[in-house]
Amino acid sequence: MNFTIRKAQAEDAELLHQLGRMTYSAHFKHMWVSTDEMDAFIDKEYGLTVLHSSLAAENESWLIAETDHPVGFAKVTWNTPVPDSGMTGAMLNKLYLNPDHTGKNFGKIMFQSIINEAREKQEGYMWLEVMAENVRARKFWEAFGMQHIKDIPFVTASQRSTLQILGMVI
């Protein structure tokens, strides 16, 4: 199966809007107490206005993963401070695949390409946030050598969750 990764352009905002809504809901709906709060979160993360602004930002990169059609995406914010650590590095904001395309090593290929770009940009450090209860994702990141740095709260009107910050020298 042919698999490619390309840098997203301004005209990809609608595609990212659709992919973001579908993949986030598919992977995380079970972790939300309130569907309305999840929908508001998705709107905040994948609204067209937000996406257009993010796609134009010099310190942010969006990637689109494709086979014969788009199957996932990633977002990286470059040179971003790690909370309460004194360190900065590339923050992997998102890396999501259509559930039909997980388990095919696409996530590994995407993450390795992001690490390579971060090294080219001399970032020195890669970090991300993951829900503490998302054991599968934590194991995925830890297999790359990412280590737990600290926990931070994620709070909405109806729930309180823990985000774990993971990071690694690259």
Side-chain angles (χ1 to χ4, degrees), residues 4-29 31-32 34-67 69-99 101 106-107 109-131 134 137 141 146 149-150 152-159 161 163-167 170:
T4 58
I5 303 167
R6 67 176 175 85
K7 187 168 170 58
Q9 305 299 318
E11 58 270 17
D12 291 311
E14 179 63 35
L15 172 61
L16 289 168
H17 172 73
Q18 292 172 8
L19 279 172
R21 293 191 71 77
M22 185 275 293
T23 59
Y24 188 89
S25 181
H27 288 291
F28 301 109
K29 187 174 189 170
M31 293 184 186
W32 285 82
S34 165
T35 301
D36 289 343
E37 287 180 4
M38 182 189 74
D39 289 342
F41 176 83
I42 289 172
D43 288 343
K44 182 176 76 80
E45 294 291 311
Y46 302 105
L48 287 174
T49 303
V50 171
L51 288 168
H52 282 293
S53 175
S54 183
L55 285 162
E58 289 188 21
N59 68 326
E60 296 178 16
S61 295
W62 288 81
L63 303 171
I64 297 176
E66 298 174 313
T67 57
H69 63 281
V71 297
F73 64 94
K75 176 188 175 189
V76 182
T77 305
W78 306 108
N79 196 32
T80 303
V82 181
D84 304 322
S85 73
M87 296 184 296
T88 62
M91 179 187 185
L92 179 60
N93 305 86
K94 308 169 188 319
L95 193 159
Y96 300 134
L97 290 164
N98 179 317
H101 289 82
F106 294 162
I109 295 167
M110 291 176 70
F111 189 53
Q112 191 59 58
S113 75
I114 292 164
I115 290 171
N116 292 343
E117 185 173 358
R119 286 179 176 144
E120 288 172 16
K121 292 178 179 288
Q122 300 180 328
E123 287 285 332
Y125 200 77
M126 173 75 65
W127 68 281
L128 55 84
E129 298 171 350
V130 63
M131 297 290 284
N134 193 346
W141 301 122
M146 292 203 126
I149 298 170
K150 68 177 290 184
I152 57 174
F154 177 79
V155 180
T156 69
S158 67
Q159 73 186 67
S161 300
L163 291 175
Q164 291 186 333
I165 298 176
L166 305 179
I170 53 170

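In this structure a side-chain-to-backbone donor-acceptor pair under 3.5 Å is missing from Asn79 to Asn59. Within the 3.5 Å criterion, the main-chain N or O of Val82 finds a donor-acceptor partner in the side chain of Ser85. Side chain of Trp78 to backbone of Met91: no donor-acceptor contact under 3.5 angstrom is found. A side-chain donor-acceptor contact under 3.5 Å links Gln9 to the backbone of Lys7. Remark: the backbone N or O of Leu97 is paired with a side-chain donor or acceptor of His27 at under 3.5 angstrom. Between the side chain of Glu60 and the backbone N or O of Thr77 there is no donor-acceptor pair closer than 3.5 Å. Remark: the backbone N or O of Leu19 is paired with a side-chain donor or acceptor of Thr23 at under 3.5 angstrom. Judged purely by atom type and a 3.5 angstrom limit, Asn134 has no side-chain atom pairing as donor or acceptor with the backbone of Met131.
Within the 4.5 Å cutoff, no side-chain heavy atoms of Asn93 are placed close to those of Leu128. Contact of the Thr67 side chain with the Phe106 side chain is registered, since non-hydrogen atoms from C-beta on lie closer than 4.5 Å. The shortest distance between side-chain heavy atoms of Arg6 and Leu63 does not fall below 4.5 Å. You'll find the side chain of Asp43 stays beyond 4.5 Å of the side chain of Glu45, heavy atoms only. Between Phe111 and Leu95 the shortest side-chain heavy-atom distance falls below 4.5 Å. Using a 4.5 Å heavy-atom threshold, the side chains of Ile165 and Pro83 count as touching. In this structure, the side chains of Lys75 and Ser61 stay at 4.5 Å or more apart for every pair of heavy atoms.
A distance of 10.5 Å separates NZ of Lys94 from CG of Leu16, quoted to the nearest 0.5 Å.
Taking the six-membered ring where the residue is Trp, the centroids of His17 and His52 are separated by 6.0 Å or more.
Within a 6.0 Å sphere centred on NZ of Lys29, heavy atoms belonging to other residues, nucleotides or ligands number 12 at most. Atom CD of Gln122 has 12 or fewer heavy atoms from other residues, nucleotides or ligands within 6.0 Å.
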Point to revise | Verdict with supporting geometry, Trp62 and Asp12, side-chain contact (heavy atoms from CB on, under 4.5 Å) | key: CA-CA 9 Å; Trp62 288 81; Asp12 291 311; over 6 Å; no

Exercise for review: Determine, stepwise, if the pair Phe28 / Tyr96 fulfils ring-ring contact (aromatic ring centres under 6.0 Å, His included).
Suggested key: CA-CA 11 Å; Phe28 301 109; Tyr96 300 134; 5.5 Å; yes

Check your understanding: So Tyr46 and Gln18, side-chain contact (heavy atoms from CB on, under 4.5 Å) or not? Walk me through it.
Key -> CA-CA 8 Å; Tyr46 302 105; Gln18 292 172 8; over 6 Å; no

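Counting only N and O atoms by type, the side chains of Ser158 and Glu37 include a donor and acceptor under 3.5 Å apart. Side-chain N/O atoms of Glu120 and Asn116 include no donor and acceptor closer than 3.5 Å.
The aromatic rings of Phe41 and Phe154 sit perpendicular, their planes meeting at an angle over 60°, well past the 30° parallel limit.
Of all non-hydrogen atoms in Leu51 and Ala13, the two that sit nearest each other are CD1-O, 3.4 Å.
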